Amino acid sequence: MCDDRTMAEDEAFLDPAGQTTRRNFTMLSAAALAACATSPANAHTLREQEVQVATPDGSADAYFVHPASGRHPGVLLWPDIRGLRPAFRTMGRRLAESGYAVLVVNPYYRERQGAVIAPGESFADPPVRERLMGLARALTPQTQSIDGTAFVRFLDQRQAVDTRRKIGVTGYCMTGAFMLRTAAAAPDRVGAGASFHGGGLATSAPDSPHLLAPSLRGNYLFAIAQNDDQSDPAAKTTLREAFAAAGTAAEIEVYPAQHGWCALDSQVFDQVQADRAWSRLLALFSGL
């Protein structure tokens, strides 16, 4: 997941000469958002709203977007460590245009409603990074399961969601693990899950997410960043063995891209590999 090591690796990969400025990075992020704002073929007209989701621990703010008519499979989208923000709203809209009712959530609602990173702030800044890491550390396996269950229940209560079909869940960076814990907490409803450059998925801890494989149903996708794989090459093997032993279908692949490559506002956003990962996500969710 995002940490000092990952930041150093990404910065060296992006700019080995050390010439990238904050202004250039902001321009790159804006360009990525603009590039991915293009609607897919036969895109649905959308309805969108900011919502509050009741949980056992309070009220979570979230963004709900779905086709304007009809009922569609629900999707829970957990953002990366930088939380709910324009980049992930854009990603939620893009998924909704393909025919899904998408809930993009704020995982930090217990501590802070709304954005946790301001325009112009960067994860590369130590004070910002420490603030976000502190928020992330407060989210335990228990809170992840509690919140995932509440978010799935919210989707099932929406008129736009077809409850005859299963729900999909996606996670990025640290929330790859949240995806697995959500799926394990609501196995009767979650039918597919995807992790993009997810961290901490297969560890030696007694509550490692990969140990949940026997509790899962449906199909799963793990898109691993090349530098994450280089740091922990055994993780993908542990994942494969766990899912194979459980008899749960999983596509596990290392992508030739850096940690964070799928997030539209990431400094290492990779259009080609992000589009490839997106196509695999759509193929995964087509079975919901």
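Not measured: the values here are computed from a predicted model.
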TODO: Mark yes or no for whether Thr203, through its side chain, and Gly200, through its backbone, hold a donor-acceptor pair below 3.5 Å.
DONE: no

Open item on the list: Quick check for you: to the nearest 0.5 Å, what is the distance between Asp61 atom CG and Arg112 atom CZ?
Closed with: 11.0 Å

Task: Val169 vs Val75 side-chain heavy atoms within contact, under 4.5 Å - done: no

Open item on the list: Checking the side chain of Tyr109 only, and the main-chain atoms of Val53 only, is there a donor and an acceptor separated by less than 3.5 Å?
Closed with: no

Open item on the list: Do Arg217 and Val190 make a side-chain contact, defined as non-hydrogen atoms from C-beta onward lying under 4.5 Å apart?
Closed with: no

Task: Side-chain touch Met91/Val104, heavy atoms, less than 4.5 angstrom - done: no

Open item on the list: As an exercise, state the distance from CG of Leu201 to OG of Ser208, rounded to the nearest 0.5 Å.
Closed with: 7.5 Å

Open item on the list: Can you give me the closest heavy-atom contact between Ser215 and Pro187, atom names plus distance?
Closed with: O-CB, 3.5 Å

TODO: Working to the nearest 0.5 Å, report the span between CD of Gln267 and OG of Ser122.
DONE: 6.0 Å

Task: Single-linkage hydrophobic cluster Val152~Ile146, side-chain heavy atoms < 4.5 angstrom - done: no

Task: Positive for side-chain hydrogen bond (donor to acceptor under 3.5 Å, both in side chains) with Arg110, one of Thr143, Thr55, Asp147 - done: Asp147

- [ ] Over all heavy atoms of both residues, which pair between Pro79 and Leu84 is shortest? Give the atoms and the distance, please.
- [x] CG-N, 3.9 Å

Open item on the list: Can a side-chain donor-acceptor contact be found between Thr90 and Arg93 if the only test is distance below 3.5 angstrom?
Closed with: yes

Open item on the list: Quick check for you: to the nearest 0.5 Å, what is the distance between Leu221 atom CG and Glu253 atom CD?
Closed with: 8.5 Å

Open item on the list: With a 4.5 Å cut-off on side-chain heavy atoms, are Ser266 and Arg82 touching?
Closed with: yes

TODO: Would you kindly confirm whether Leu282 and Val272 end up in one hydrophobic cluster when ILVMFWY residues are joined by side chain heavy atoms under 4.5 Å apart?
DONE: no

Task: Arg94 bridged to Asp275 by N-O distance under 4.0 Å - done: yes

Task: Nearest atoms (heavy-atom pairs only) where Phe151 meets Ala60 - done: CE2-CB, 3.7 Å

Task: Ring-face cation of Arg158 near Phe154 (centre distance under 6.0 Å, axis angle within 45°) - done: yes

Please output the side-chain donor-acceptor pairs of residues 177-186 that fall under 3.5 Å, not counting sequence neighbours, one pair per line with the distance.
{"unit_1": "Arg181", "atom_1": "NH1", "unit_2": "Gln144", "atom_2": "OE1", "d": "2.7"}
{"unit_1": "Arg181", "atom_1": "NH2", "unit_2": "Asp207", "atom_2": "O", "d": "2.9"}
{"unit_1": "Thr182", "atom_1": "OG1", "unit_2": "Trp78", "atom_2": "NE1", "d": "3.3"}
{"unit_1": "Thr182", "atom_1": "OG1", "unit_2": "Phe178", "atom_2": "O", "d": "2.9"}

Open item on the list: Counting C-beta onward and ignoring hydrogens, is there a side-chain heavy-atom pair between Leu132 and Val116 closer than 4.5 Å?
Closed with: yes

- [ ] Compare every heavy atom of Gly92 with every heavy atom of Val102, then report the nearest pair and how far apart it is.
- [x] CG2-O, 3.8 Å

Task: Spacing of Phe196 atom CZ and His259 atom NE2 [to the nearest 0.5 Å] - done: 13.5 Å

Task: Heavy-atom pair with the smallest gap, counting every atom of Ala87 and Leu264 - done: O-CD1, 3.9 Å

- [ ] Give, for atom CZ of Arg153 and atom CD of Gln157, the distance between the pair rounded to the nearest 0.5 Å.
- [x] 6.5 Å

Open item on the list: Please check: side-chain N/O of Asp125 versus main-chain N/O of Val128, any donor-acceptor pairing under 3.5 Å?
Closed with: no

- [ ] Examine His66 together with His44 and report whether their ring centres are nearer than 6.0 Å.
- [x] no

Task: Smallest separation among heavy atoms of Leu288 and Gly74, with atom names - done: CD1-O, 4.5 Å

Open item on the list: Once side chain to side chain donor-acceptor pair (under 3.5 Å) is applied, what residue pairs with a partner in residues 164-178 remain, sequence neighbours excluded?
Closed with: Asp162-Arg164

Task: Single-linkage hydrophobic cluster, 4.5 Å side-chain cutoff, Leu211 and Tyr220 together - done: no

TODO: Test Arg131 against Glu121 for salt bridge (charged side-chain N to carboxylate O under 4.0 Å, His left out), laying out the working first.
DONE: CA-CA 12 Å; Arg131 183 176 78 233; Glu121 286 190 323; 2.7 Å; yes

Task: Minimum side-chain heavy-atom gap Tyr63-Arg85 below 4.5 Å - done: no

TODO: Verify whether one side chain among Gln52 and Gln113 offers a donor that lies under 3.5 Å from an acceptor in the other.
DONE: yes

- [ ] Dump the intermediate steps for side-chain contact (heavy atoms from CB on, under 4.5 Å) on Ile81 and Tyr108, then the final yes or no.
- [x] CA-CA 10 Å; Ile81 194 169; Tyr108 304 126; 3.5 Å; yes

- [ ] Check whether more than 12 heavy atoms from other residues, nucleotides or ligands sit under 6.0 Å from atom CD of Glu50, and answer yes or no.
- [x] yes

Task: Salt bridge Asp228-Lys236, side-chain N to carboxylate O under 4.0 Å - done: no

Open item on the list: Can a donor-acceptor pair be found, under 3.5 Å and without considering hydrogens, that links the side chain of Arg71 to the backbone of Ala160?
Closed with: no

TODO: For the residue pair Met174 and Asp80, establish whether any side-chain heavy-atom pair is separated by less than 4.5 Å.
DONE: no

Open item on the list: Using the ring centroid of each side chain, check whether Phe222 and Phe243 are separated by less than 6.0 Å.
Closed with: yes

TODO: May I ask you to check whether Trp261 and Tyr255 place their ring centres under 6.0 Å from each other?
DONE: yes

Open item on the list: Can you confirm whether Pro73 sits close enough to Ile167 that some side-chain heavy atom of one is under 4.5 Å from a side-chain heavy atom of the other?
Closed with: no

- [ ] Answer yes or no: does atom CD of Glu251 have more than 12 heavy-atom neighbours from other residues, nucleotides or ligands under 6.0 Å?
- [x] yes

